[in-house]
Amino acid sequence: MLENLPTVQGDPLWALLHQFNADQRDHKIDMLVGVYRDETGKTPVMQQVQKAELKLATAAQSKSYKMLSGNLEFNDHMAKFLLGDGAQLSDQCTIQTVGGSGALRIIADFIATLSPDAVIWNTDPGYLNHRPIMEGAGLTVKPFRWQHKGGLLDIETCFKDLENAKEGDILLLHASCHNPSGVDPSLKQWQQFIDFCTAKKIIPFIDIAYQGFGDSPDQDAAGLRMFVEQVDLVLVAASCSKNMGLYCERAGVAMVVTKDHSQHTKIRMLLERITRINYSMPPNHGSAIASLLFSDPKPWLAELTVCRERINDLRKALGKLLAEMGAPDSFQAVTRQKGMFSLLPLTADQMNVLRDKYAIYGMLNGRINIAGLKQDQIQYLASALVEVSKV
Ligand SMILES: Cc1ncc(COP(=O)(O)O)c(C=O)c1O
């Protein structure tokens with residue numbers, strides 16, 4: 001068997017991270033990994049999470065198995081957080097998953113079971129793991145370009161690439177804070193995607209991994225909620241990794257929303273069967289913490305606001321400096337982008353120069369994590385970007 005082992009390509013992110021750790025320069029800047037960092041460079045445990053953990057440690061009565069669909073209280077809270085208190089809440093079937101990635105895989109298996117020939121239309125550039133997760137479930141993935149024109153999504157180009165999408169195909173969209181570009185649709189553009197899906201009978205699949213990192217939890221879910229209001233079937237994968245800082249606890253949900261309530265029991269049974277054959281049931285600790293946060297959300301939401309505002313302040317300060325330094329317009333879009341990521345308009349060669357000459361580490365496709373920055377590094381970064389853009 002082992003003679004058939006392929007050489008699996010390592011993740012380029014980890015290779016760069018390794019290089020960053022070995023870099024001896026004091027002024028080095030790590031904008032690689034997709035985790036939130038505070039002004040001290042740490043990825044903190046939220047205070048409310050710590051409080052919840054203490055409470056759970058003393059209250060735990062049993063570690064007995066939970067349900068195949070995980071923590072039901074958490075699932076209800078998540079459904080409300082994602083969809084709001086509107087009438088559509090009764091349309092959803094939600095199960096807990098192993099983080100957002102687990103949700104993506106569960107929904108991918110759901111699609112592959114019911115509609116194996118459906119093509120998944122995926123943004124290009126897109127989240128690095130979307131394609132392998134979808135293909136891992138046996139699905140076919142095709143790209144459509146996701147780029148901005150003057151800071152706003154160039155939706156005409158999206159539709160040009162989506163011309164060949166056919167009835168029953170899946171349109172995979174990021175609810176907010178697009179990874180890696182930070183370019184999100186406006187409300188008008190969300191409506192255009194809805195009209196497109198309705199006209200062509202395409203099924204929307206919304207990945208929401210950064211709710212609360214863009215404008216606010218409600219605004220970041222606005223496109224998703226518009227879809228759920230107007231379209232009969234919506235697939236959703238959600239993560240608590242970023243907005244609760246629960247990365248390693250692996251809390252998320254897979255949700256199927258349909259107005260056809262007669263299908264709900266069958267949908268739940270299928271979702272549960274998929275979890276059973278994958279990993280039986282998800283871990284409880286993260287979802288138990290999340291449930292406590294949801295039961296008294298104000299203090300947690302205040303902590304989330306601090307994270308969001310820090311990122312938005314960094315974006316504003318960087319954009320302002322770049323404008324003052326006369327950087328090309330394409331760099332200044334950083335202020336209009338949302339969430340942790342931006343895609344610098346630099347080639348792989350220029351990203352190499354940024355790393356080798358200036359000790360600034362981003363992905364070779366230009367992706368940087370804005371949250372990796374500290375206020376006192378903005379000036380240095382802006383000057384380096386202006387210099388490198390001339391190379
Ligand atoms: C767009 C997107 N979806 C899903 C995920 C997966 O989230 P999780 O870490 O909860 O598996 C990520 C994580 O970076 C992401 O950026």
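Values reported hereafter were calculated over all heavy atoms of this structure, with side chains retained and with hydrogens, waters and symmetry mates removed. First listed ligand is number 1; within each ligand, the first listed atom is number 1.
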Pair Arg105 + Asp109, salt bridge at N-O below 4.0 Å: yes

Residues Asp23 and Arg25 bridged, charged N to O under 4.0 Å: yes

Does any donor atom in the side chain of Asn352 or Arg355 lie under 3.5 Å from an acceptor atom in the other side chain? yes

Does His285 have any ring-ring contact (aromatic ring centres under 6.0 Å, His included) partners at least two apart in sequence or in another chain, and if so, which? none

Got a donor-acceptor contact below 3.5 angstrom from the Asn369 side chain to the Phe341 backbone? no

Closest approach of Ala103 to Ala238 (non-hydrogen atoms, all atoms of both residues): CB-N, 4.1 Å

Could you list each nitrogen or oxygen of ligand 1 that sits under 3.5 Å from a protein nitrogen or oxygen, with the atom names and the distance?
residue, atom, partner, partner atom, Å
ligand 1, 3 (N), Asp207, OD1, 3.3
ligand 1, 3 (N), Asp207, OD2, 2.6
ligand 1, 9 (O), Ser241, OG, 3.3
ligand 1, 9 (O), Arg250, NH1, 3.4
ligand 1, 10 (O), Gly100, N, 2.7
ligand 1, 10 (O), Ser239, OG, 2.7
ligand 1, 10 (O), Ser241, OG, 2.6
ligand 1, 11 (O), Gly100, N, 3.3
ligand 1, 11 (O), Ser101, N, 2.8
ligand 1, 11 (O), Ser101, OG, 2.5
ligand 1, 11 (O), Arg250, NH2, 2.7
ligand 1, 14 (O), Tyr210, OH, 3.3
ligand 1, 14 (O), Lys242, NZ, 2.8
ligand 1, 16 (O), Asn179, ND2, 2.8
ligand 1, 16 (O), Tyr210, OH, 2.6

